[in-house]
Structures are given as C-alpha cells and as structure tokens.
Amino acid sequence: MTMASTSEGKSFSKRTGMLCVRALKWIPVIFIVTIVIWSYYAYVIQLCFLTVKNEVERVLYLIGYHLIFAIFAWSYWQTIFTDIGRVPSQFKVSAADMERLENAESEEAQRHVLERLASGLPVTNRTVTGAIRFCDKCWHVKPDRAHHCSVCGECVLKMDHHCPWVNNCVAYTNYKFFVLFLAYALFYCLYIAFTTLSYFIAFWKTQLEGLGRFHILFLFFVAVMFAVSLVSLFCYHCYLVAHNRSTLGELLF
Ligand SMILES: [Zn+2]
Ligand SMILES: [Zn+2]
C-alpha cells in the first residue's frame, strides 16, 4: 500500500467519523419532533375526531390548536435552521500577526500585540486580567459577547448557549426565535392541558372507552410535564432579556 492511499484511507475514516458525530447530534431534535407528531395525532385524531362529540367544540378546538401548532413549529424551525452569527472578517488576524503573537517573549509583549491588533475595532469586553479577548482556534480578536462554541467548532456572536434540543447555538441571529419558541411551546402545552382536562377527568371516572383514552391520558401528562419545565426556562430568559444578560453571564453596558 502506498503512502498516498494510507492517508486517503485515514481522511476517509475521519470524514465518516465526523458524519456519524453530526448525525448523532440530531437525535434530541428527532426525539422532540417525534413527540410533537404523536401529540398532533393524539389531539387531532384521538381527541377531536374520535372523542369530542359536540361539533362546535370540535371545530373551536381544531382551529385554536392549528393556529398555535403553526407558530410553534415555525419558531422551532427558525431556531434550528437560522445560521449562527459569524465573526466579521475585520476581526481576523493574519498569519504574520499570529506568528508574532505566538513568538511573543512575555505575557506583556503578547498583550501589546493584541492591543495593536484590536486598535480600531469596537471591542470593550476584556478578560479578567484586562487583556483583549482572543481566540487562538479561529485566529481572531473576539467581538464583545462572542464566545468559542466547542460543539459548533467556531466563535459565535453573542453566544447564549449551545442547545442540543435545537442542534444549534442560541446566539445573536436566533435568540429572538428561541425565546418565541419557548413562549409558543409553553402556550401549546397549556392549550393541550386545558382542553384535554375534562376528558382526562372523564377517563378517571371510566366514562371513556378504547385506546383513545390512553392517548388522551398521556397527552395530558406529557403537556403538563413539558409546561412545568418550559415555564421556568421561559421566565429565566425573560429575566435575562430584561437585565441585558445572557446565560453565559456577562453584562454589557
Ligand atoms: Zn473561536
Ligand atoms: Zn454551538
């Protein structure tokens, strides 16, 4: 075997490994989507069409449900697929400057090089020691509130956190969609919980028959369970927005 074919084989297995890791990251999203699809089936088919007897009630439930479902699904889609905010090119450091930085003899000399690189850039956030923030993986000066995400493998503008449930960083470009997603998801769960409540009670009184009653029972439980966890997360993010903070903790004035 030649050297070239050995290195080709290595890069092929590396690429396959990276593809597997990328595919695995979608598992939490697939989990959420599966629950949402099942909730759609349980609510529309099992509750509205097979359990609710009153025509007016059925139509009202279906209209309300589909309106909330549409905005909830839209905000989830936007949070997942909005491209993360990348650091603008003027923050990039050239190879020559990078070499100067690496060859700096002391910490003080390194600070000097960084100060020169950041002059003219709109940077106010500093490290705890007062130095310019710099990413040695991406080779650029970090803009205020930008952080390196180890999952995405790059620096992300106004990074809040990396969320496995959306397989994306929650950051500058999709933070609004994320907060909307929390609000609409909570709204979705509460709507399901309130409209299934009377049927859930009927279940306990054994007035409901068949498989449908199990779907309605679980639908109520799952909606309440998600609503409880969503309400705390939503309130926490409302607090962060109101105080100009992010999950990573820094404050910007
Ligand atoms: Zn970085
Ligand atoms: Zn990330």
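Not measured: the values here are computed from a predicted model. Atoms within a ligand are numbered from 1 in the order they appear, just like the ligands themselves.
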Peer 1: Just to the nearest 10 degrees, tell me the angle at the Zn ion (ligand 1) spanned by C138 SG and C155 SG.
Peer 2: 120°
Peer 1: Do H66 and Y61 meet the criterion of a side-chain donor-acceptor pair at a distance under 3.5 Å?
Peer 2: no
Peer 1: Run the ring-centre check on Y65 versus Y40 and record whether the distance is less than 6.0 Å.
Peer 2: yes
Peer 1: If we ignore hydrogens and angles and just use 3.5 Å, is the side chain of S232 paired with the main-chain N or O of S229 as donor and acceptor?
Peer 2: yes
Peer 1: Rounding to 10°, state the angle centred on the Zn ion (ligand 2) that links SG in C149 with SG in C169.
Peer 2: 100°
Peer 1: With a 4.0 Å cut-off on N to O distance, would you call R126 and E115 a salt bridge?
Peer 2: yes
Peer 1: Looking at H148, pick out the N, O or S atom nearest to the Zn ion (ligand 1) and give its name.
Peer 2: ND1
Peer 1: Quick check: does C135 have an N/O/S atom under 2.8 Å of the Zn ion (ligand 1)?
Peer 2: yes
Peer 1: Under a plain distance cut-off of 3.5 Å, with no hydrogens placed, do Y43 and T195 share a side-chain donor-acceptor pair?
Peer 2: yes
Peer 1: What N/O/S atom of H162 is the closest to the Zn ion (ligand 2)?
Peer 2: ND1
